[in-house]
Each structure stands twice: as structure tokens, then as C-alpha cells.
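Structure record follows, encoded as C-alpha cells.
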Amino acid sequence: MFKSPELVTFKEINLADRANINVIEFAQDVPFSVKRIFYVQDIKAGETRGDHAHKELYECIIAQQGSFTVELKNNYFSQKYILDSSNQGLVAPPGHWITLENFSDNAVCMVLASDVYKEDDYFREYSEFVQWQEDLKKVTAVPFLDFKRCYQDLKSELDIAYETVINSGTYILGDQVEKFEKEFAKLCGVKHAIGVANGLEAIELTLKAWDIGQGDEVLVAANSFIATALAVSKLGAKPVFVDIENLSYNINPELIESKINSKTKAIALTHLYGQCADMQPIMYLAKKHKLKVFEDSAQAHGAEYRGMKAGSMADAGGFSFYPTKNIGAFGDAGIITTNSDDLAAKLRLIRSYGSTVKYHHEILGTNSRLDELQAAFLRVKLAKLPKWNTRKNTLANIYLTELANIPDLELPKVREGSNHVWHVFALRVKNSRREKLIQFLSENKIGYNIHYPVPIHLQKAYAELEHSVGEFPDAENFALQELSLPLDAYHTEDEVRFVCSKLKEFFAVPKLSFNMNSGMKGLLVEMNPAKYSQ
Ligand SMILES: *Cc1c(COP(=O)(O)O)cnc(C)c1O
């Protein structure tokens, strides 16, 4: 729960007999950016200093001169450190009680702090600190997502990313975008990645590059986020819906062929919730009917199908970095992946006014660029993605184990040979119990979401396509039952277990037991009246 303290060593430059310099490179040597520095000197021998703790502030304590000991402790950890060298610092993360003692005569204690002085960040009473830690451990609410946790964890790296870009003087299509594109292409195992403004335009621009437009049809799953279909509509082409398979909740390969006609130009499939669609039969059909295939991987950063990565299996793939996605920007951003040199070159033209040489426009393009600043932030997060995906898998497995025997829940299934990256933990609530359940989750301060309450073909925006209820029964049933539980790399295992225990409480099945005190002999059925009233 609390980060561990660490002793760090600074660079020492010895200028022979002239001077000795210690250099502290912030965020490299010290894992936070410094907002405040103070010195403590003329400390009386035998005195104790410190005796406080912080909720959020980091300190780095340095014996700038002389020596002293620092004790760091909390409910789970206790250690003493001797500081006696000016090229060493002790990083004390928040959540540690700090005591300084055994000062040598000439000791000067220098403290680097991650924030300005804030009285309400302090504990000065040990007993209050102990209580705070106990309270933190108790889960009383679970947010669906809490962006602040990630920001606080990555703050020093993000701050550097920000400064690097602002100082570079290049804010559009510079070094950061280029590096991010290379790194993202590597993650997906493709030749090219082309940064664009958002996930919707990743789809739209690719279909445009394939000259899809008026009179053309593109097959899409009936249950995705509207963007997949909307990208098709924006080009004047027609989205043709296909029902879903019940294993991955993605487009059902068996229903694709009956939708193909002479107008069909492409399949824009989705890897929904972080699991890939069943690509092998889909690619077979696409080849047979000479269709382009686009992988909408906006929820599947790093997902795998038979050893291949999302975004690398078809003609092109598109990703969104909307803040809630597996890696999210601090704003909008997207990227397109492909192995085709021609497509990549065309997309680079389209995204920036049809031009690669300034003021020379080869085609009528648009403005859909990934910002330098977002690219710099995304590079920081991309480096964490493998770790986050593993972490999410650990948390998902807690759900899968803990909720396994609840008859009214159908848990997500992972296709053999696939690697699910859990954009969300999407389960099905059966027997019309979803409404009551979400009310119960709200009462218990547990965040949830419904992805998505209305399938695309029944959205008002698509009324002109004249679809009706019952046309895509699997997608429609799914929309009535789907519920997404909190699952983020920054959730704790205790939080996930809290959600599980509440769900078990809600779905509590009647227990059979003897009532020994009633004087009656026989079986009594103990019901959980409030929760079992349907
Ligand atoms: C988020 C999302 C998009 C759209 O991405 P934006 O960056 O918000 O435009 C497209 N498809 C799917 C499946 C998504 O989840």
C-alpha cells in the first residue's frame, strides 16, 4: 500500500584540491520533482527532530554535513538509516513516520520536499497516523476509475515529459510523436504507426485512404462503441451490422458471409473489452471476398490472439488513447497501425492537410494530428503498459475466482490462445437482476458502467437505417445484461475483494441451517429477505 523508502546516491564530482560537488538530478536521482528545500542546523546534541508523517508529500533527507540517524516506520515497516555522507539521500515516501536523532555536533540536515507546505498533509500525533493507516486499509468505496492515482504515481516522469515538450518549441509532429510511433509500432509488431487526433479518426482516415465512401458497405459488430459504425457513416458509406459471438462478445464470424454483397468493401471489427475477435475465420473470409479488414483496437492495447498482437493481424488497426483506455492521454489521441508502406504514406498525408512538405498539398487531406505533448505523456505510459496489463489480469483473476459460483452472473471467458487485456471486466447479469444490482452497487459506493446500454443498430442516430428490435438478438440480449466492474491497474486487491464480497452479499443464496435456540427440531430456511426479494 505504501511505497518503500530508498537510499539514493548522488553524483560526486571531485575537482582535485579545488572543490567537491554533489549533483542531484531531479526525477532521476530523486523520484519526485522538488517544490521546497529546507535546512536544519545548530541542532542540540541528543535532541530528536522530525516526529511527523505526511499523507502525500515525499521527502528526501540528506546529511549535508555531519551525521544523524533517521527512523522510518508505519504499521507494516520499520527501519533505521544512518546518514553520514553528503552524496546520499533517503527518500521517504508519504505514509512513513519520520524521526531524526543522534545528531553529530556539526550536523546540517537538508530536506527536499515534493510540495509546498500544507498543514493538512501533516500528522504530528503518532496515534492519529496509526489510525489513518488502519482507515486506509478498510475499503469503504471503490471508484470505477480514479485517474489521480496514476498521475501521482507517474508525476515526476510526466512533469519531465511536459517540460521537455514545452522547452523544445515544437508542439506538432516533432520528435515525441515520431518516437512514440516507433515505440507503439514495436509493441504491436507492425512496420508503421501513424499518430492521429483520436480513435474515431483512426478508423475514418484509414477507410478514407482505402477510398471507401458513398455506395460502399462496411461490416461492423452491432455492439461496439458507436465510433466504429460512425467512422463508416461519416464517409457516406453504410455500416452493415453483424451479430456477436457469445465467447468474446465480438463480431460472429459465422454470420459474416451472409452480409457480404457486391457493395461490401471492408470489415471494421472491434476487439471489445480487451479481447480479440476470432481473427482466423474472419481473415479467411476477407481474403476469399477480397475485403479490407480494419481492427478497431481502441480497447485492446497489447492484446494477443494466437501470438499476434491486436492491430497487427489485418490490413490496419486503430487505437484510441481517450483517458479511460488501457493507456490514456491527458486529452484526445489516437494511432493507426499497419504493415503497408503505401497506406502509411497516404495516412501521413491525409492526417496533415494532404502535405508532407510544407505548403505543398498533394491530396485533399484533413487535420487529425497527435499532439507532441500527448505523445510525450503517452510514451511514459506506454513503458508501463505490459506491467499494467499483467496487473489487470491478476485482478481479473480475483473476480473470476471469487464470483465463479453465482448462478445469476455469467463471467467473461477468455478464448484459448488469446491474451485478454481487460479494458473492462464485462460480465452478464441474468434473470433481469441488473437494475437492482446497480442500485445496490451505488448504495455501497462501488463504481460500475454499462458498455453499452443500447446496441448501435437501435441507437436513435441510426433510425434512418430502419433496424428493429430482434434483428441482432445476441447483441441486444447482451446490452440488457452487461455490467462492467471496477478493474484498473491502480485498484488494490482489497478493493476488488470488497466488490466481490458485496456481490456475494447481493446474490446470497438461501442457507439451510438448524436453529438450535428455537426449541424446535427440524430444518429452518434462512432467507436474506431484502436481497432475495425478486
Ligand atoms: C473509445 C473507442 C473508440 C473511439 O475513440 P476516441 O478516441 O474516443 O475517438 C472507437 N472504438 C472503440 C471500440 C472505442 O472503445
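Start at 1 and go down the list; that is how both ligands and their atoms are numbered. All residue numbers refer to positions in the sequence shown, counting from 1. Bear in mind the structure is a predicted one, so any value in this text is a computation, not a measurement.
Judged purely by distance below 3.5 Å, without hydrogens or angles, the side chains of Arg306 and Gln280 pair a donor atom with an acceptor atom. When only modelled atom types and interatomic distance are considered, Gln481 and Arg434 share no side-chain donor-acceptor pair under 3.5 Å. Between the side chains of His289 and Glu257, at least one donor N or O lies within less than 3.5 Å of an accepting N or O. Tyr273 and Ser484 share no side-chain donor-acceptor pair at under 3.5 Å. Asn419 and Tyr305 form no side-chain donor-acceptor contact under 3.5 Å, judged by distance and modelled atom types alone.
Heavy atoms only, all atoms of each residue included: Glu295 and Ala314 are closest at OE2-N, 2.9 Å.
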Distances for all N or O pairs of ligand 1 and the protein under 3.5 Å?
| residue | atom | partner | partner atom | Å |
| --- | --- | --- | --- | --- |
| ligand 1 | 5 (O) | Ser320 | OG | 3.2 |
| ligand 1 | 7 (O) | Gly199 | N | 2.7 |
| ligand 1 | 7 (O) | Ser320 | OG | 2.6 |
| ligand 1 | 9 (O) | Gly199 | N | 3.3 |
| ligand 1 | 9 (O) | Leu200 | N | 2.9 |
| ligand 1 | 11 (N) | Asp296 | OD1 | 3.3 |
| ligand 1 | 11 (N) | Asp296 | OD2 | 2.7 |
| ligand 1 | 15 (O) | Gln299 | NE2 | 2.8 |
| ligand 1 | 15 (O) | Lys325 | NZ | 2.7 |

